[in-house]
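Just below is one structure, and these are the notes that go with it.
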Amino acid sequence: YIADGREALQCPTLIEDDRTGMSPETLKRAFLDNLFYLQGVNRTNASPYNYYVALAYTVRDRLLRRFLKSTDTYKQEKVKLVCYFSAEFLMGRYLGNNLANLGIYDLIKETIEELGLDFEEIIEQEPDPGLGNGGLGRLAACFLDSLASLEIPAIGYGIRYEFGIFHQIIQNGWQVEIPDNWLRFGNPWELPRPDESVEVKLGGRTEIYHDDKGQERVQWLPERRILAIPHDTPVPGYKTNTVNALRLWKAEASESFNFEAFNAGLYDQSVAEKMDAETISKVLYPNDNTPAGRELRLAQQYFFVAASLQDLIRIHLKSHKNLQNFHETAAIQLNDTHPAIAIAELMRLLVDENGLEWSKAWTITQKTFAYTNHTLLPEALERWSAALLGKLLPRHLEIIYLINHFFLEDVRTWFPDNEELLGKLSIVEEAGWGNKQIRMANLACVGSHSINGVAALHTELLQKDTLKEFAMLWPEKFYNKTNGVTPRRWILLSNPQLSALFTEKIGDDWLKDLKELRKLEQYLDDPEFRQRWYEIKQANKADLAAYMLKTRNIEVDVNSIFDVQVKRIHEYKRQHLAVLHIIALYNRIKQNPHVDIVPRTFIFGGKAAPGYFMAKLIIKLTNAVAEIVNKDPDVRGRLKVVFLPNFNVSLGQRIYPSADLSEQISTAGKEASGTGNMKFAMNGSLTIGTLDGANIEIREEAGAENFFLFGLTAEEVYAKKAHGYEPMSYYKNNRELKGVIDRIKSGYFSHGDTELFRPIVDSLLYDDQYMLLADYQSYADCQEQVSQAYRDRDKWTRMSILNSVRMAKFSSDRTIWEYCQEIWKVNPVKISLED
Ligand code: H53
């Protein structure tokens with residue numbers, strides 16, 4: 001048995017001890033020791049949470065050797081490191097994932113159960129680390145999993161927010177936000193590294209001085225200094241020895257600074273300063289696809305990139321004599337513009353602090369950075385007022401002006417007398433009255449050697465529209481990197497039954513190479529296989545049904561279509577289009593209670609930014625419709641509407657495997673990619689969707705006949721806007737649609753209050769920026785096709801199988817491999833555990 005365990009870990013030279021041993025006896029001893037010695041409890045008084053902590057430490061011990069070996073190997077071999085700079089990492093729970101990636105999930109589960117403990121309950125104790133808002137943050141987490149699984153030397157750099165994304169509860173149908181104090185009971189996965197702390201400066205002013213050679217130079221005289229303390233979380237690859245780090249920075253007051261005030265008798269002032277410093281990593285801004293525009297947010301962004309760059313320079317200088325070849329040891333990916341200030345910071349470090357000549361520093365900087373754009377929504381592109389940026393980062397503002405000056409000088413020589421072009425390309429926007437804005441996307445484009453979109457359509461639209469001037473200047477800088485998700489968390493962990501079926505039929509290579517799943521197409525005509533497929537889906541639906549009963553007290557029919565939309569609430573994502581359709585079905589029933597309707601359970605989940613009024617009202621509307629529909633005796637249980645509160649990674653793991661239908665209904669041209677769409681399809685959901693983001697590629701892979709398509713194309717959306725879109729005409733000319741909107745207007749869902757939902761009704765009738773009314777009929781018709789398809793169980797199951805087994809393209813392993821080959825130019829590095 002011991003040998004088995006070691007073999008699973010590919011670790012033959014380990015000495016059998018309580019911290020590394022894999023025999024059930026050793027594991028049990030380690031587990032009970034961690035209960036007793038680390039937490040001071042025993043079997044008679046331990047809580048499920050104590051058991052979780054004990055198990056977490058037991059697993060962490062078994063990761064550390066690989067972790068240190070990986071770090072040492074990178075250092076010794078002077079490898080090029082992929083550095084993923086991201087303000088968000090939505091990692092999800094670690095315990096199950098680490099067990100799965102170590103290949104010891106079943107071994108540990110059995111061992112824990114032999115102790116008479118409930119393994120599921122222990123897994124559920126872990127708080128879901130919600131250091132991100134939505135797609136962008138979760139993508140970063142999937143990428144870290146793939147990087148380690150592909151044995152790529154990599155590090156994730158971000159912020160150790162003390163409060164992650166808020167916990168959402170629903171009160172009287174409204175979203176209420178509760179602070180997410182996820183670190184309250186400590187965090188067994190992280191390793192604080194106070195010895196590697198660095199200082200980050202803020203505020204103050206700049207000054208010209210002359211160095212010893214009489215050269216004129218600039219120095220920054222900051223107003224404040226803050227300590228950045230790294231906390232490392234190991235990120236193991238799937239069945240490899242590679243364990244990379246997620247390095248998150250915590251802000252603290254720098255002691256020397258505090259001490260002065262303290263000694264001067266200004267005790268309260270020194271405490272105030274300490275609190276001020278710690279504010280920086282206190283809380284994640286809960287906005288997705290909308291910039292916060294607050295000074296503290298800019299401070300957060302600068303804080304983590306400044307700390308990370310110092311860290312990378314320190315690593316580089318350990319094995320190189322100077323920074324001339326810095327770009328050969330670090331490939332930095334900017335996850336959206338949130339970390340784009342890093343471009344100015346690296347220039348400052350190279351020029352001001354290391355004495356490099358500007359043009360040399362600029363070459364190194366451009367070779368170091370690559371920028372991923374994640375949105376086409378113009379309002380979502382970050383801009384900082386020059387006044388605000390200059391107040392917090394006076395030297396960076398000067399550097400940005402210089403970068404812009406040299407850049408525009410070049411543009412002028414390439415395109416003389418084209419002021420309009422210059423205005424579009426400029427990093428600095430003149431917003432009138434001396435109100436300058438710094439466009440972070442422009443800074444990111446100018447300072448990077450690579451610019452990429454996250455799905456084919458998105459990249460195309462970036463080049464044609466949002467960034468068209470840059471695409472004209474530098475077509476060779478543009479890449480498409482269609483997003484992906486990790487099959488380890490999103491199939492293996494989330495859907496163990498389906499995973500077991502895959503492995504039984506084709507072995508477990510699919511977990512490293514998702515193309516393997518294609519082999520399952522041979523079972524399409526096998527009735528027994530289809531039956532098992534169907535039973536697994538039904539079992540997953542039954543699990544979710546039990547969860548809905550327990551948490552929401554709503555009983556649902558597992559034979560109804562589970563029609564699911566889970567994602568951030570945003571008008572462009574059009575949750576309210578699905579609500580309009582529910583009301584239409586309800587109206588049909590009210591007109592004819594005997595109408596033949598295929599039963600459906602509509603499941604919604606997602607958080608609204610606390611300051612986004614319309615998104616919050618959409619949640620309220622959904623719940624208001626649920627309240628009426630669920631209890632109406634005419635409906636006779638044929639329709640159920642459930643809003644599941646607090647959608648997060650863990651809830652996603654429950655939901656994706658249980659969905660029959662995946663709603664991907666954004667206005668074409670608005671959703672950059674989407675990644676939930678991929679998770680659903682991999683788990684055998686059929687998609688109803690527009691030709692938007694990665695839906696297009698999902699449909700291509702699954703086959704058009706296995707996808708429910710509706711709605712305007714991106715081009716048609718633009719054309720309609722250009723010709724003057726009039727939503728009112730759809731309302732007037734479509735009786736069913738009119739009936740739906742009138743039902744909302746009448747106060748039917750709001751206890752007679754005709755004002756409550758007026759903002760939604762008015763926005764649809766008089767503006768309808770996202771063209772719900774234009775797409776309504778196409779959507780309703782398509783939903784009818786869905787219902788008819790579901791009546792034919794065999795046909796549906798075939799479509800479900802084909803969706804799932806044809807999703808190889810959407811493994812983040814494929815995405816990351818492309819980044820490695822084309823953008824980062826890095827190769828795998830094998831980690832040996834031999835001494
Ligand atoms: O990024 C996802 C995309 C998705 C897009 C999302 C996103 C954020 O979550 C936050 C900010 C932002 O600009 C974009 O909306 O379409 O799948 C990952 O690329």
Side-chain angles (χ1 to χ4, degrees), residues 84 86-90 130-144 146 158 165 284-293 297 301 333-340 371-383 440-441 444 451-459 461-462 466-467 479-486 490 565-575 606-609 612 615 647-649 652 662 664-681 689-698 714 770 810 812 815-816 818-819:
Y84 203 76
S86 179
E88 304 187 9
F89 286 92
L90 203 41
L131 308 188
N133 277 286
L136 168 137
R138 182 55 227 177
L139 184 75
C142 284
F143 280 5
L144 292 188
S146 285
I165 186 67
L284 166 77
Y285 275 95
N287 303 329
D288 192 80
N289 252 307
T290 42
R297 170 72 173 180
Q301 296 181 347
Q333 193 67 33
L334 301 173
N335 197 22
D336 218 329
T337 54
H338 314 151
Y371 160 54
T372 304
N373 172 289
H374 294 266
T375 187
L376 294 158
L377 304 182
E379 70 272 22
L381 295 180
E382 284 190 299
R383 288 177 160 75
M440 299 310 274
I451 302 162
N452 78 279
V454 291
L457 174 72
H458 170 59
T459 303
L461 296 175
L462 274 183
T466 316
L467 300 176
Y479 297 84
N480 176 55
K481 292 285 155 274
T482 298
N483 284 164
V485 303
T486 168
W490 297 113
Q565 188 169 16
V566 286
K567 50 182 79 228
R568 284 299 285 240
I569 313 292
H570 213 298
E571 285 163 284
Y572 85 81
K573 296 178 188 279
R574 303 199 294 190
Q575 280 90 356
K607 293 174 186 176
Y612 188 172
F647 180 65
N648 60 7
V649 172
S662 152
Q664 306 301 335
I665 62 178
S666 52
T667 316
K670 301 292 179 193
E671 188 70 273
S673 161
T675 43
N677 45 6
M678 303 167 185
K679 298 165 195 169
F680 278 110
T690 48
L691 285 178
D692 200 14
N695 295 352
I696 298 174
E697 292 157 79
I698 290 175
Y770 298 107
F810 308 103
S812 44
T815 314
I816 283 299
E818 288 180 5
Y819 275 97

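Whatever order the structure lists them in is the order used to number ligands and atoms, beginning at 1.
To the nearest 0.5 Å, the span separating CZ on R574 from OH on Y770 amounts to 11.0 Å. Remark: N695 CG to L457 CG distance equals 10.0 Å, nearest 0.5 Å. To the nearest 0.5 Å, atoms CG (L136) and CZ (F89) are separated by 9.5 Å. In this structure, CG on L131 lies 10.5 Å from OG on S86, to the nearest 0.5 angstrom. In this structure, NE2 in H570 is found 4.5 Å from OH in Y612, a value given to the nearest 0.5 Å.
Near T375, with a cut-off below 4.0 Å to any heavy atom, the atoms of ligand 1 are 13 (O). Of all atoms in ligand 1, numbered sequentially from 1 with element shown, those under 4.0 Å from a heavy atom of Y572 are 15 (O). Counting atoms of ligand 1 from 1 in the listed order, those under 4.0 Å from a heavy atom of A672 are 16 (O).
When K573, Q565, K567 are each tested for a side-chain hydrogen bond (donor to acceptor under 3.5 Å, both in side chains) with Q664, only one passes: K567.
Residue-to-ligand polar distances keep H338 apart from ligand 1: every N/O pair is separated by 3.5 Å or more. Taking only nitrogen or oxygen atoms, main chain and side chain alike, L139 does not reach within less than 3.5 Å of ligand 1. Ligand 1 has no N or O atom lying under 3.5 Å from any N or O atom of K573, backbone or side chain.
For atom 13 (O) of ligand 1, the closest heavy atom belonging to the protein is D336 OD2, 2.8 Å. Looking from atom 17 (O) of ligand 1 to the surrounding protein, the closest heavy atom is G674 N, 2.8 Å. For atom 4 (C) of ligand 1, the nearest protein heavy atom (residue, atom name, distance) is E671 OE1, 3.4 Å. Among all non-hydrogen protein atoms, the one lying nearest atom 6 (C) of ligand 1 is L136 N, 4.0 Å. In this structure, the protein non-hydrogen atom closest to atom 10 (C) of ligand 1 is D288 OD1, 3.4 Å.
Under 3.5 Å, the side chains of H374 and N335 contain a donor-acceptor pair of N or O atoms. For the 3.5 Å distance criterion, the side chains of S666 and D692 qualify, holding a donor opposite an acceptor.
In this structure, N133 and N287 approach most closely via the heavy-atom pair ND2-O, 3.0 Å.
When heavy-atom distances to ligand 1 are checked against a 4.0 Å cut-off, T372 has no atom that comes that close, whether in backbone or side chain.
Looking at H570, M678, H374 and measuring to atom 14 (C) of ligand 1, the nearest heavy atom belongs to H374.
Within the 4.0 Å heavy-atom cutoff, N289 counts among the residues contacting ligand 1.
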